[in-house]
Asker: 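Encoded as structure tokens, here's the structure I'll be asking about.
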Amino acid sequence: MALLPTAVLLLGALYCLIPVAWVLIASTKAGRELFSTFTFLPGTGLWENISDLSAYRDGVYWTWMANSALYAGVGALLSTAVSAFAGYALAMYRFRGRESIFNILLAGVLMPPVILAVPQYLLMAQVGLAGTRWSVLLPVILSPYGIYLARIYAAAAVPRDVVESGRIDGAGEWRVFRSIGLPMMLPGLVTVFLFQFVAIWNNFLLPYIMLSDDERFPITLGLFTLLNQGASAPALYTLVITGSLLAILPLIALFLVIQRFWSLDLLSGAVKS
């Protein structure tokens, strides 16, 4: 019986990794090799594909990558900050309506983004921000799931006795949060940042509705336009595949850089403070 769970996990891993392997191998193939060679046989055109992709429309691909880095980096940082403040407040303070607010946030976690996209567009159009970068950034700052994670983590990682001790010693609420609560919450906030960064980087629907100028497109929407053009110009398929491979490299690098924060002891930051 122990083999069955292992077999299921292996099948799941194959299901997830085979498309990644296909993209990795297909990106090495020149246009003439893509449809004429065995699927998992490496090609000889990786650097040529990267060069063609960089030259396409004077390097618009790298503009899309920079836009995605802007949206995901700034959006994830702001969202993590809002989640930290809101999660800490919901976990540490007792006030009227606290549970109602938390329940509303849980409802927001369960709501599909597709339901919110059109109302968000209408709101942005009303204030004249539709079509701008702000129309992509502002809706992602408030993350119900991020606030939920921050609240749960703060309740588990920040002892009330330590917070009360800081108050007794004369520290204000901001000092208590900055010197005690925030360091203890850091590993959880790193997780919130990573989740938000990946979600914004991979977001397609919101930019698709909000933006019309392809100079402001993120990488997901830019590759989508390339894919559509590939129906009439098959040579663009190699650019789409190579672009997809390059688009996941920042996510891998981010994960490798910040994963060490997950091994921090929950109290280490507060002790050092």
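The chain is numbered in sequence order, starting from 1.
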Asker: Quick check: is V8 connected to L10 through a chain of hydrophobic side chains (ILVMFWY, heavy atoms under 4.5 Å apart)?
Answerer: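 In one cluster: no.
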
Asker: Check whether any side-chain N or O of T191 sits under 3.5 Å from a backbone N or O of P187 as a donor-acceptor pair, and report yes or no.
Answerer: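 Yes; judged by distance alone, with no hydrogens or angles, the pair exists.
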
Asker: Hey, what do you get for OG (S79) to CG (L137), rounding to the nearest 0.5 Å?
Answerer: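 Going from OG on S79 over to CG on L137, the span is 11.0 Å.
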
Asker: Do V198 and F255 have side chains that get closer than 4.5 Å, going by heavy atoms?
Answerer: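 In short, these two side chains do not touch, never coming nearer than 4.5 Å.
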
Asker: State, to 0.1 Å, how close A91 and A154 come at their nearest heavy-atom pair, and which atoms those are.
Answerer: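 Of all heavy-atom pairs spanning A91 and A154, the closest is CB-CB, 3.8 Å.
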
Asker: Taking V118 as the starting point, is it possible to reach Y121 by hopping between hydrophobic residues whose side chains are less than 4.5 Å apart?
Answerer: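 Yes, it is one cluster - the side chains of Y121 and V118 are joined through contacts under 4.5 Å.
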
Asker: Evaluate side chain to side chain contact (heavy atoms under 4.5 Å, CB included) for T6 paired with L9, printing each intermediate quantity in order.
Answerer: CA-CA 5 Å; T6 302; L9 289 175; 5.7 Å; no

Asker: Could you check whether any side-chain heavy atom of L246 comes within less than 4.5 Å of a side-chain heavy atom of L249, counting everything from C-beta outward?
Answerer: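 SC-SC contact between L246 and L249 confirmed.
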
Asker: Distance only, no hydrogens: is a donor on one side chain within 3.5 Å (strictly under) of an acceptor on the other, for E173 and Y88?
Answerer: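 No, no side-chain donor-acceptor pair sits under 3.5 Å.
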
Asker: As an exercise, state the distance from CG of L53 to OG1 of T238, rounded to the nearest 0.5 Å.
Answerer: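 OG1 of T238 is found 8.5 Å from CG of L53.
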
Asker: Using only atom types and a distance under 3.5 Å, with no angle test, would you say the side chain of T242 pairs donor to acceptor with the backbone of N49?
Answerer: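 Between the backbone of N49 and the side chain of T242 there is no qualifying donor-acceptor contact (under 3.5 Å).
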
Asker: Within the side chain of S51, is there an N or O that forms a donor-acceptor pair under 3.5 Å with the backbone of W47?
Answerer: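 It does not hold such a pair.
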
Asker: Looking at Q126, I'd like to know if its CD atom is crowded, meaning that more than 12 non-hydrogen atoms belonging to other residues, nucleotides or ligands lie closer than 6.0 Å.
Answerer: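 Open.
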
Asker: Would you check if the side chain of S135 reaches a backbone N or O of A130 as a donor-acceptor pair within less than 3.5 Å?
Answerer: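 Side chain of S135 to backbone of A130: no pair is present.
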
Asker: Answer yes or no: are there more than 12 heavy-atom neighbours, outside R175 itself, under 6.0 Å from its atom CZ?
Answerer: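 12 or below, so no.
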
Asker: So do the side chains of V74 and L78 get within less than 4.5 Å of each other, counting heavy atoms only?
Answerer: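 Sidechains of L78 and V74: in contact.
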
Asker: Kindly say whether G243 contributes a backbone atom to a donor-acceptor pair with the side chain of Y61 at under 3.5 angstrom?
Answerer: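 Confirmed, Y61 side chain pairs with G243 backbone.
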
Asker: Would you say Y208 and V60 are hydrophobically clustered, going by side-chain heavy atoms of ILVMFWY under 4.5 Å?
Answerer: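 Both belong to a single hydrophobic cluster.
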
Asker: Could you go through N203 and T220, starting from their C-alpha distance and side-chain angles, then the distance that decides it, and tell me whether this counts as side chain to side chain contact (heavy atoms under 4.5 Å, CB included)?
Answerer: CA-CA 7 Å; N203 193 5; T220 50; 5.8 Å; no

Asker: Let me see the working for L129 and W134 under side chain to side chain contact (heavy atoms under 4.5 Å, CB included), right down to the final yes or no.
Answerer: CA-CA 6 Å; L129 293 178; W134 287 109; 4.3 Å; yes

Asker: Counting only heavy atoms not in R96 (residues, nucleotides, ligands), do more than 12 fall under 6.0 Å from its CZ?
Answerer: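 No, the 6.0 Å shell around CZ holds no more than 12 heavy atoms from other groups.
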
Asker: Decide whether I104 and I141 are clustered together by the hydrophobic rule: side chain heavy atoms of Ile, Leu, Val, Met, Phe, Trp, Tyr closer than 4.5 Å, transitively.
Answerer: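 In one cluster with I104: I141, no.
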
Asker: Just verifying a value: how many Å separate L123 CG and L116 CG, rounded to the nearest 0.5 Å?
Answerer: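 Here the interatomic distance stands at 10.0 Å.
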
Asker: Between S27 and L46, which heavy-atom pair has the shortest distance, and what is it?
Answerer: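 Nearest pair, atom of S27 first, then L46: O-CD1, 3.5 Å.
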
Asker: If you count every heavy atom of other residues, nucleotides or ligands that lies below 6.0 Å from Y15 atom OH, does the total exceed 12?
Answerer: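 Open.
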
Asker: Side chains of L251 and N202: does their closest heavy-atom pair fall under 4.5 Å?
Answerer: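 Yes, their side chains come closer than 4.5 Å.
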
Asker: Taking the six-membered ring of F102 (Phe, Tyr or Trp), confirm whether the NZ or CZ of R151 is under 6.0 Å from its centre and within 45° of its axis.
Answerer: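 That pair qualifies as a cation-pi contact.
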
Asker: Might you point out which heavy atoms bring F177 and F85 nearest each other, and give the distance in Å?
Answerer: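 Taking every non-hydrogen atom into account, CE2-CE2, 3.3 Å.
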
Asker: Under 6.0 Å from the CG atom of D169, do we count more than 12 heavy atoms belonging to anything else shown?
Answerer: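 Atom CG in D169 is packed in, count exceeds 12.
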
Asker: Hey, does the side chain of N103 reach the backbone of E99 with a donor-acceptor pair shorter than 3.5 angstrom?
Answerer: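 Looks like yes, one N/O pair under 3.5 Å.
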
Asker: Is there side-chain contact between L211 and T132, with heavy atoms separated by less than 4.5 Å?
Answerer: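 No, side chains not in contact.
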
Asker: Mind checking whether L41 and I25 have side chains closer than 4.5 Å, heavy atoms only?
Answerer: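 No, every pair of side-chain atoms sits at 4.5 Å or beyond.
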
Asker: What distance do M124 atom CE and I209 atom CD1 have between them, rounded to the nearest 0.5 Å?
Answerer: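 It comes to 12.5 Å.
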
Asker: Over 60° means perpendicular and under 30° means parallel, so classify the ring planes of F197 and W201, tilted if in between.
Answerer: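 If you compare the ring of W201 with that of F197, the planes turn out parallel.
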
Asker: How long is the span from the CZ atom in R216 to the CG atom in D214, to the nearest 0.5 Å?
Answerer: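 Reported to 0.5 Å precision, the distance equals 10.5 Å.
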
Asker: Can you give me the closest heavy-atom contact between T225 and W64, atom names plus distance?
Answerer: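 For T225 and W64, the tightest heavy-atom pair comes out as OG1-CH2, 3.9 Å.
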
Asker: If you look at every heavy atom in P183 and I180, which pair is closest and at what distance?
Answerer: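 P183 and I180 have their closest heavy atoms at CD-O, 3.5 Å.
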
Asker: Could you please spell out the steps behind the side chain to side chain contact (heavy atoms under 4.5 Å, CB included) verdict for I219 and N67?
Answerer: CA-CA 7 Å; I219 192 64; N67 290 336; over 6 Å; no

Asker: Give a yes or no on whether the ring-centroid distance for F224 and F204 is below 6.0 angstrom.
Answerer: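 They qualify: ring centres under 6.0 Å apart.
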
Asker: Of all the heavy-atom pairs spanning M210 and V136, show the shortest one and how long it is.
Answerer: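 Taking M210 first and V136 second, the nearest heavy atoms are CB-CG2, 4.4 Å.
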
Asker: Under a single-linkage definition using a 4.5 Å side-chain heavy-atom cutoff for Ile, Leu, Val, Met, Phe, Trp and Tyr, are I50 and L223 assigned to the same hydrophobic cluster?
Answerer: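 No: no chain of side-chain contacts under 4.5 Å links I50 to L223.
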
Asker: Any side-chain heavy atom of I241 within less than 4.5 Å of one from K29?
Answerer: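 No, side chains not in contact.
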
Asker: State, yes or no, whether a side-chain contact exists between V114 and L205 at a heavy-atom distance under 4.5 Å.
Answerer: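 They are in side-chain contact.
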
Asker: Could you tell me the separation between the OH atom of Y56 and the CH2 atom of W62, rounded to the nearest 0.5 Å?
Answerer: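 Separation between the atoms: 15.5 Å.
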
